Every structure is written in C-alpha cells, then in structure tokens.
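Only one structure is covered here, and it is reproduced in the block below.
The first residue of the sequence shown is numbered 1, and numbering continues consecutively from there. Only a predicted model underlies this, so the values are computations on that prediction, with no experimental measurement involved.
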Amino acid sequence: MKGPSPARAKGLVLLVEDDPALLLMTCYNLEQRGYRVEKAEDGEAALLALETSRPDAVVLDWMLPGLSGLDVCRRIRANPALRDVPVLLLTARSAEQDAIRGLDTGADDYLMKPCSIDTLDARLRALLRRHQSSYDRLSFADITLDPETHRVERAGRMLSLGPTEYRLLDLLIRNPRKVFSREDLLRRIWGQNIHVEIRTIDVHIRRLRKAINGPGEIDLVRTVRAAGYALDDGPTTDGG
C-alpha cells in the first residue's frame with residue numbers, strides 16, 4: 001500500500017532525537033507529509049544546527065545525552081533570534097508535573113511518546129498556524145522584509161544587513177512609529193542576561209541607517225531625543 005504523497009512544503013523542522021532508528025523513521029514520515037527536515041542526535045548538534053539555519057519549528061526529545069531537551073529549549077528561548085521559534089517537546093515522561101515543567105521552560109506544546117505521525121503532524125500544523133504571522137512579508141514605506149528568507153529590499157533593490165542590524169530592522173518594522181528606548185532595544189535584541197554597553201545600540205543604528213538609506217532617500221530611522229529610536233517616514237523635528 002502506498003504511503004501519503006508528499007505535499008507542498010509546510011516548513012523546515014529541526015528534529016532532535018537520540019534514537020537513530022526513531023530519528024530516521026520520524027524524519028521520513030515528516031518528509032512524506034511535506035516538511036523539510038534537519039536532523040540532530042543530541043543537544044549540542046541541535047544548537048550547532050540552530051547557528052546556521054532558523055527552522056520554522058523544533059521537535060525536541062526531552063531525554064537527550066549531554067544537554068537535555070529542556071536545556072536546549074532554555075537556550076532557544078534565551079536567544080533573541082530564535083525565541084519565537086515554536087518548540088514541540090517529545091517525551092516518555094507521563095507525570096503532569098513533567099508536562100508543566102516542560103511548558104514552563106518555554107516549550108509551546110508537549111507530546112507523549114510513542115505518538116502517531118498523524119498526531120505529530122496535527123500538532124505541528126497547529127503550531128505553525130499559530131506562528132504564521134511571524135513569517136508574513138513585512139513592509140514600511142518602500143522597505144520590505146521577508147522573515148522567512150531574510151531578504152530585505154528598498155525601492156526594489158536588495159539591501160545587505162548584518163545579523164544585528166537585521167534584528168533591529170525586524171523589530172522596528174513590526175512596530176512602525178513606536179519609539180524604543182536604548183534599554184528596550186538592548187533587552188529585545190541581546191536578551192536579559194547579556195552585558196552590552198548602552199552605546200552599542202547607537203553604533204548598530206548608524207550601521208542600519210547606512211545599510212538602508214541610499215542617496216537621495218529619506219532616513220527612515222528617527223532619533224527621538226532623550227527617548228530612543230523609531231521607524232518613521234514622517235517629518236522630524238527632533239534632530240534625527
């Protein structure tokens with residue numbers, strides 16, 4: 001009997017599982033249902049994979065050698081570039097307190113093993129629907145930003161942004177005309193427990209301006225004296 005035909009790609013899933021047979025079988029079944037899958041056999045491999053690509057969702061086994069699934073989940077939630085990636089925790093643990101602990105760590109959903117591929121697929125689809133707005137193309141004035149491909153354009157030309165400048169623009173374009181203080185930007189871009197000098201924000205704002213503003217174009221990054229920065233295309237009276 002034939003298995004289901006591959007569907008239109010639903011997104012990239014990072015599958016983290018230390019059982020090689022279960023990893024291969026789950027990977028195959030997810031690919032048959034239209035997902036692209038990247039595999040990792042332990043927590044360290046998962047973190048390395050996350051350094052090079054941003055998945056649409058992470059399916060994460062709790063009981064991993066070395067770094068546990070909870071440890072990996074904490075690292076994901078502490079990383080400003082990854083904290084909104086949906087995490088589905090898979091585990092053989094059945095106690096209610098374990099489920100609460102997993103969700104409190106930052107997992108979006110919790111699924112008991114063994115589970116059917118249909119159930120896993122349904123949970124993943126629900127998570128991706130919930131987070132879909134994060135992947136819609138964003139625009140402000142003549143700038144467009146594609147969160148899925150990380151392509152940024154202004155007036156039809158491609159822009160080249162560093163990773164920090166990209167995250168700054170992503171935050172500003174999602175909140176047009178909202179003024180963010182330097183402290184807000186430090187917390188949102190670098191996270192709570194990272195020590196970064198406050199003036200570092202000014203350096204990256206200057207780089208962002210240089211990257212997005214071409215000759216003759218208005219500066220869309222407004223400096224609000226004694227307040228912070230905003231993405232704004234209106235007239236400025238505050239010197240930036």
Value rounded to 0.5 Å, distance of [atom1] in [X] from [atom2] in [Y]:
{"X": "Tyr166", "Y": "Ile173", "atom1": "OH", "atom2": "CD1", "result": "9.0 Å"}
{"X": "Leu14", "Y": "Leu60", "atom1": "CG", "atom2": "CG", "result": "8.0 Å"}
{"X": "Thr164", "Y": "Ile201", "atom1": "OG1", "atom2": "CD1", "result": "9.0 Å"}
{"X": "Leu103", "Y": "Leu89", "atom1": "CG", "atom2": "CG", "result": "8.0 Å"}
{"X": "Arg199", "Y": "Leu186", "atom1": "CZ", "atom2": "CG", "result": "11.0 Å"}
{"X": "Leu50", "Y": "Asn79", "atom1": "CG", "atom2": "CG", "result": "8.0 Å"}

- Run the side chain to side chain donor-acceptor pair (under 3.5 Å) check on Asp184 and Tyr229 step by step: do they pass? CA-CA 10 Å; Asp184 285 338; Tyr229 297 102; over 6 Å; no

Under 4.5 Å between side-chain heavy atoms, hopping through other hydrophobics if needed: is there a path connecting [X] to [Y]?
{"X": "Ile198", "Y": "Phe180", "value": "yes"}
{"X": "Val203", "Y": "Leu169", "value": "no"}
{"X": "Leu12", "Y": "Leu82", "value": "no"}
{"X": "Ile218", "Y": "Ile143", "value": "yes"}
{"X": "Met112", "Y": "Leu70", "value": "yes"}

- Query: Met63 and Asp18: side-chain contact (heavy atoms from CB on, under 4.5 Å), yes or no, with the steps?
  - Reply: CA-CA 8 Å; Met63 301 299 290; Asp18 65 321; 5.9 Å; no

- Message: How about CZ on Arg125, more than 12 heavy atoms from neighbouring residues, nucleotides or ligands closer than 6.0 Å, or not?
- Response: yes

- Just do the salt bridge (Lys or Arg N to Asp or Glu O under 4.0 Å) check on Asp108 and Arg77 with the steps written out, would you? CA-CA 11 Å; Asp108 296 270; Arg77 293 297 174 244; 2.7 Å; yes

- Message: Please evaluate residues Val59 and Val16 with respect to the criterion side-chain contact (heavy atoms from CB on, under 4.5 Å), reporting the C-alpha separation (whole Å), side-chain torsions for both, the decisive distance (0.1 Å), and the verdict.
- Response: CA-CA 6 Å; Val59 176; Val16 191; over 6 Å; no

Taking all non-hydrogen atoms of both residues into account, name the closest pair between [X] and [Y] and its distance.
{"X": "Gly11", "Y": "Asp56", "value": "CA-OD2, 3.1 Å"}
{"X": "Leu90", "Y": "Cys115", "value": "CD2-SG, 4.2 Å"}
{"X": "Ala107", "Y": "Cys73", "value": "N-SG, 3.5 Å"}
{"X": "Asn213", "Y": "Leu220", "value": "OD1-N, 3.7 Å"}
{"X": "Ala211", "Y": "Leu159", "value": "O-CD2, 3.5 Å"}

For [Y], does its backbone N or O pair with a side-chain atom of [X] as donor and acceptor, under 3.5 Å?
{"X": "Thr26", "Y": "Leu22", "answer": "yes"}
{"X": "Asp61", "Y": "Leu64", "answer": "no"}
{"X": "Arg154", "Y": "Ile212", "answer": "yes"}
{"X": "Glu217", "Y": "Gly214", "answer": "yes"}

- Message: If you apply the rule salt bridge (Lys or Arg N to Asp or Glu O under 4.0 Å), what do you find for Arg188 with Glu183, and how did you get there?
- Response: CA-CA 9 Å; Arg188 289 170 179 255; Glu183 292 78 9; over 6 Å; no

- Note on the structure: Of Leu168, Leu172, Asn175, the one forming a side-chain contact (heavy atoms from CB on, under 4.5 Å) with Leu231 is Leu172

- Carefully, step by step, assess Leu185 and His204 under the rule side-chain contact (heavy atoms from CB on, under 4.5 Å). CA-CA 11 Å; Leu185 293 173; His204 287 286; over 6 Å; no

- Task: Quick one: do Thr223 and Arg209 satisfy side chain to side chain donor-acceptor pair (under 3.5 Å)? Show the steps, please.
- Result: CA-CA 11 Å; Thr223 301; Arg209 281 187 165 126; 2.7 Å; yes

- Message: Applying salt bridge (Lys or Arg N to Asp or Glu O under 4.0 Å) to Glu17 and Lys113, what does each step give before you reach the verdict?
- Response: CA-CA 12 Å; Glu17 169 61 61; Lys113 294 197 300 186; 3.2 Å; yes

A side-chain contact here means heavy atoms from C-beta on lying under 4.5 Å apart; do [X] and [Y] qualify?
{"X": "Leu67", "Y": "Arg75", "value": "yes"}
{"X": "Leu138", "Y": "Thr144", "value": "no"}
{"X": "Val13", "Y": "Arg36", "value": "no"}
{"X": "Leu88", "Y": "Pro86", "value": "no"}

- Query: Side chains of Asp121 and Tyr35: donor-acceptor distance under 3.5 Å anywhere?
  - Reply: yes

Ion pair check, [X] and [Y], cut-off under 4.0 Å:
{"X": "Asp109", "Y": "Arg123", "value": "yes"}
{"X": "Arg182", "Y": "Glu197", "value": "no"}
{"X": "Asp202", "Y": "Arg207", "value": "no"}
{"X": "Arg33", "Y": "Glu31", "value": "no"}

- Query: Which residues satisfy the salt bridge (charged side-chain N to carboxylate O under 4.0 Å, His left out) test with Arg177, sequence neighbours excluded?
  - Reply: Asp232, Asp233

- Taken in chain and number order and not counting sequence neighbours, the residues that satisfy salt bridge (charged side-chain N to carboxylate O under 4.0 Å, His left out) with Arg74 are Asp71

- Query: Can Leu30 and Leu120 be said to form a side-chain contact (heavy atoms from CB on, under 4.5 Å), step by step?
  - Reply: CA-CA 9 Å; Leu30 287 175; Leu120 177 57; 4.1 Å; yes

- Item | Pairs involving residues 37-50, ordered by first then second residue, that meet salt bridge (Lys or Arg N to Asp or Glu O under 4.0 Å) (sequence neighbours left out) | none

